[in-house]
2 protein chains.
Amino acid sequence: MSFNSDARGSNRLQNAKNLKQLAEALGLSQTTVSRALNGYPEVKEATRLRVRETARRLNYSPNARAQGLATGRAMAIGHVIPVWSEHEMTNPIFGDFVAGASSCYSKHGYDMVLTRIEVDDEENAYRQLVFSGRIDGIIVQGPRLRDSRISLLKSLGVPFVVHGRSSGIEDNYNWVDVNNKRSFKRATELLLDLGHRRIALLNGLEYLDFALRRRDGYMEALSERGIEPDLELMRSAEMTEHFGHRETRAMLQGTDPPTAVLASSKLSAMGVRRAIEERGLTMGHDVSVVTHDDVISYLADTDDVPVFTATRSSVRDAGRLVAEMLMTIVKKPDVRPRNALLETELVVGQSTGPCLSRRLG
Amino acid sequence: MSFNSDARGSNRLQNAKNLKQLAEALGLSQTTVSRALNGYPEVKEATRLRVRETARRLNYSPNARAQGLATGRAMAIGHVIPVWSEHEMTNPIFGDFVAGASSCYSKHGYDMVLTRIEVDDEENAYRQLVFSGRIDGIIVQGPRLRDSRISLLKSLGVPFVVHGRSSGIEDNYNWVDVNNKRSFKRATELLLDLGHRRIALLNGLEYLDFALRRRDGYMEALSERGIEPDLELMRSAEMTEHFGHRETRAMLQGTDPPTAVLASSKLSAMGVRRAIEERGLTMGHDVSVVTHDDVISYLADTDDVPVFTATRSSVRDAGRLVAEMLMTIVKKPDVRPRNALLETELVVGQSTGPCLSRRLG
DNA sequence: GGTGAAAATCAAACCGCTTTGAATAGGTTT
DNA sequence: AAACCTATTCAAAGCGGTTTGATTTTCACC
């Protein structure tokens, strides 16, 4: 009788804050309970059910820190936000990239840890992040030319995937990238085919690898048609609306204005459009515009015929892909480096048309 | 002699992967080393220096999981991204808000953990997040009307701060909010003072608390001047450029079009401007526009005289503030609820002017 | 030189979980 | 019935730190 009431007493326990309490409530050892919850085969099915049910009833949820300490797995992926003291702009694609990646993580039961790292002591910060055991893998964003992070992470032996590539690094490593060069070459060729000869390039910051590749594609297309690139028409900065507006306005005021503009982001392209219309010109008629489109959700172009002619590649999908690659590597670290090169889709919209001055020339 | 070479041998050790190895290399106990590193007073200053120096030399960095397990502090703050299955849009302010918050965390040595939570089993997910021990506090974003998360987190006993407020909740809790009602009332009054009577409101999603408060402010300003709100002029959706464009175009095509538009975000306002100019009208002359401006870095308006008349309030600053509040609460949990109500700055730009039809009427 | 308080160091317990190796129960085989 | 599997369950030893309570040093003072 007293045994019964004891048993009932422990069943009446409101919550199990740890394995020990749960095991006590069940009258089992921690070992068995742990195995039951983690799906090990050497536990009787009836027991497993009873354990699961009780765990649910007592609101038990395991302590991730302790789990991590015991298993060596943190169940979290690190994303690093590098901070240059001067330039505090957040990247407009940040939100969508993160959304894509985290949708993948949550599917696998992983969390995402965001860390700010001052670029000054990057090396030390990455080292600490890895040794802290907080994370099982790292995503590298915004790779630069000959980016030193790649060899650093390699030497630290932590699984990592780069979103983008780093020119000048011979070593192989895991990356997911858009074929930026090809994409911008095609876009330039489209404009050339329409008869445009004065094509401006509004590029992103050119110490970032993707911007360099885009410029390469642009230059290659021009030179294949025997056109000398005009430095006046090549501008580079952070890809804001303001940048697109400012530079386009300046160029349109010049003596030999461009008849077409190739923009690196939709935000910039919106600035380009504004500068064009401000001058009383019509985009797609007087001045053609092609832009890269990261398909950012809050800039979605939902019209039937898209406003902008664009090279499209969803950065959210890229985030998902990068994350998935990292997940497989984390779970099976011995695989050799994986790469994925995504092609963009060239979508023709209302912002491009034949060059008007062609007839004159 | 052999003693010496032993000593040198242990000094030659490449790396100390844990406290034990570091302690061995130093010939000290783990206790002393731990205390030396954590700045406890009962350790000789000379010893502390020697420990620090050796730790640096051997690239020692403590394991955060173990530290967390031992101390009960995780040194991380959780941000939750709620996911409605239908609506997968990322919030444009996400990046800047996160940037602000994380700049605060990193100052305090904290990390940021992002978790996606399906709104279906929100309760369970929050509970797990708290009991996992991964985090010391939570930031609640995008509060809705009578948001259930607030009482849930309260009952879980985890420190949390809400970015925004939740109407209909009597209980006190920690929040940082912009005075949205007042801000939109003032903006509406400005337009009324300019003679506008047909003022459109392009609001955010009205199940979110901030949007409700903005509508309240708008309505109150109208009714104080005896103006009946026109439901045709009140639209609500996600604050995209497309939304601003679409709704403004529709309204301008109507029989009794608005002479002014109040927009909830700069992105929408850009769409409003486009629709106005598309019709051959001039913003600030034919149609006035006032917008809320979250001062998102990539939408910065860097002209001397700002393009848009706006109610300004930096969401990055808000992020920093929310994070700072949470930091103090986490470090001293017994304080009673704190609140911070931020006023916006009304900046008059080029997008507003007197109502032209006034003279006619 | 002996004494006692203060200063510095240490051994061991603990945080909550996993996992190894041993033990027990239950059922077969001979 | 003894011997031997096999299926379950368990006690205890980590994982890498912090912290308590005890122990040793150091040093001023009588």
Side-chain angles (χ1 to χ4, degrees), chain A residues 15-52 54-55 58-76 109 127-136, chain B residues 15-52 54-55 58-76 109 127-136:
Chain A
N15 279 308
K17 62 185 260 283
N18 55 27
L19 237 205
K20 194 174 166 195
Q21 288 187 2
L22 180 58
E24 267 167 16
L26 281 157
L28 286 170
S29 73
Q30 289 191 41
T31 311
T32 305
V33 177
S34 168
R35 295 203 145 135
L37 291 174
N38 292 314
Y40 281 68
E42 58 268 78
V43 81
K44 210 199 314 188
E45 206 49 37
T47 310
R48 187 194 307 286
L49 289 175
R50 194 164 65 93
V51 170
R52 282 216 184 113
T54 310
L58 300 189
N59 278 322
Y60 170 74
S61 59
N63 182 311
R65 284 184 304 225
Q67 241 167 349
L69 190 54
T71 59
R73 276 172 286 118
M75 302 302 282
R127 189 191 312 283
Q128 266 177 241
L129 181 59
V130 169
F131 287 141
S132 77
R134 240 184 249 288
I135 52 142
D136 301 316
Chain B
N15 279 308
K17 62 185 261 281
N18 55 30
L19 238 205
K20 195 174 165 196
Q21 289 187 1
L22 180 59
E24 268 167 17
L26 281 158
L28 286 170
S29 73
Q30 288 191 39
T31 312
T32 305
V33 177
S34 168
R35 295 201 146 137
L37 291 174
N38 292 314
Y40 282 68
E42 57 270 78
V43 82
K44 212 201 308 190
E45 206 48 37
T47 310
R48 187 193 308 284
L49 289 175
R50 194 164 67 93
V51 170
R52 283 214 184 116
T54 310
L58 301 189
N59 278 323
Y60 170 75
S61 59
N63 183 311
R65 284 183 306 225
Q67 240 166 354
L69 189 54
T71 59
R73 276 172 286 120
M75 302 302 281
R127 188 192 311 285
Q128 267 177 241
L129 180 60
V130 170
F131 287 140
S132 77
R134 241 184 249 288
I135 51 139
D136 301 315

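The analysis underlying the following values was restricted to heavy atoms, covering all of them including side chains, and did not include hydrogens, waters or symmetry mates. Residue numbers start from 1 in every chain, and the chains themselves are labelled A, B, ... in the order their sequence lines are given, proteins ahead of strands.
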- Query: Rounded to the nearest 0.5 Å, how far does CG of A:Leu37 lie from CG of A:Leu19?
  - Reply: 7.0 Å
- Task: Can you tell me the distance, in whole Å, between the CD atom of B:Gln30 and the P atom of C:dA12?
- Result: 12 Å
- Task: Check whether any side-chain heavy atom of B:Asn18 sits under 4.5 Å from a side-chain heavy atom of B:Asn63, and report yes or no.
- Result: no
- Note on the structure: Rounded to whole Å, CZ of A:Arg48 lies from C1' of D:dT9 at a distance of 13 Å
- Task: Answer whether the closest heavy-atom distance between the side chains of A:Gln21 and A:Asn15 falls below 4.5 Å.
- Result: no
- Message: For C:dT19 and A:Tyr40 - does any side-chain N or O of the residue sit under 4.0 Å from the phosphate oxygens OP1/OP2?
- Response: yes
- Spacing between A:Glu24 atom CD and C:dG16 atom P, to the nearest angstrom: 13 Å
- Note on the structure: Of D:dG17, D:dG14, D:dT18, the nucleotide closest to the side chain of A:Ala70 is D:dG14
- Check: A:Arg50 main-chain N/O paired with A:Thr54 side-chain donor or acceptor under 3.5 Å: yes
- Ignoring backbone atoms, test whether B:Thr47 places a side-chain nitrogen or oxygen under 4.0 Å from the OP1 or OP2 oxygen of C:dT9. yes
- Ignoring hydrogens and angles, are the base of D:dT18 and the side chain of B:Thr31 linked by a donor-acceptor pair under 3.5 Å? no
- Note on the structure: From the candidates D:dG17, D:dT18, D:dT8, the one with an atom nearest any side-chain atom of B:Ala66 is D:dG17
- B:Gln67 side-chain proximity, nearest of D:dT18, D:dT9, C:dC17: D:dT18
- Give a yes or no on whether the backbone of B:Tyr40 and the side-chain of B:Arg35 come within a donor-acceptor separation of less than 3.5 Å. no
- Task: Let me know which of A:Leu58, A:Thr47, A:Val33 forms a side-chain contact (heavy atoms from CB on, under 4.5 Å) with A:Leu26.
- Result: A:Val33
- Message: Classify A:Glu42 by what it touches in the nucleic acid, base, sugar-phosphate, or nothing, heavy-atom distance under 4.0 Å.
- Response: base
- Message: Output the rounded distance in Å from NZ (B:Lys44) to P (C:dA6).
- Response: 19 Å
- Item | Rounded interatomic separation in angstrom, taking CG from A:Leu69 and C1' from C:dC14 | 12 Å
- Task: Assign each of B:Pro41 and A:Lys20 to its nearest nucleotide of DNA chain C by heavy atoms, then name whichever residue's nucleotide is nearer the 5' end.
- Result: B:Pro41
- Choose from C:dT18, C:dG16, D:dT18 the nucleotide whose nearest atom is closest to any side-chain atom of A:Asn18. C:dG16
- Note on the structure: Of the candidates D:dT18, D:dC10, C:dT9, the side chain of A:Thr32 sits closest to D:dC10
- Just how far, in rounded Å, is P of C:dT20 from CG of A:Asn38? 13 Å
- Note on the structure: Which of C:dT9, C:dT20, D:dT18 is nearest the side chain of A:Arg35? It is C:dT20
- If you look at every strand shown and take non-hydrogen atoms under 4.0 Å, does B:Phe131 touch a base, only sugar-phosphate, or nothing? nothing
- Is B:Ser29 near enough to C:dT9 that one of its side-chain N or O atoms lies under 4.0 angstrom from OP1 or OP2? no
- Task: Mind calculating the distance between CE (B:Met75) and P (D:dG16) to the nearest angstrom?
- Result: 20 Å
- Here the distance between atom P of D:dA12 and atom CG of A:Leu19, to the nearest Å, is 17 Å
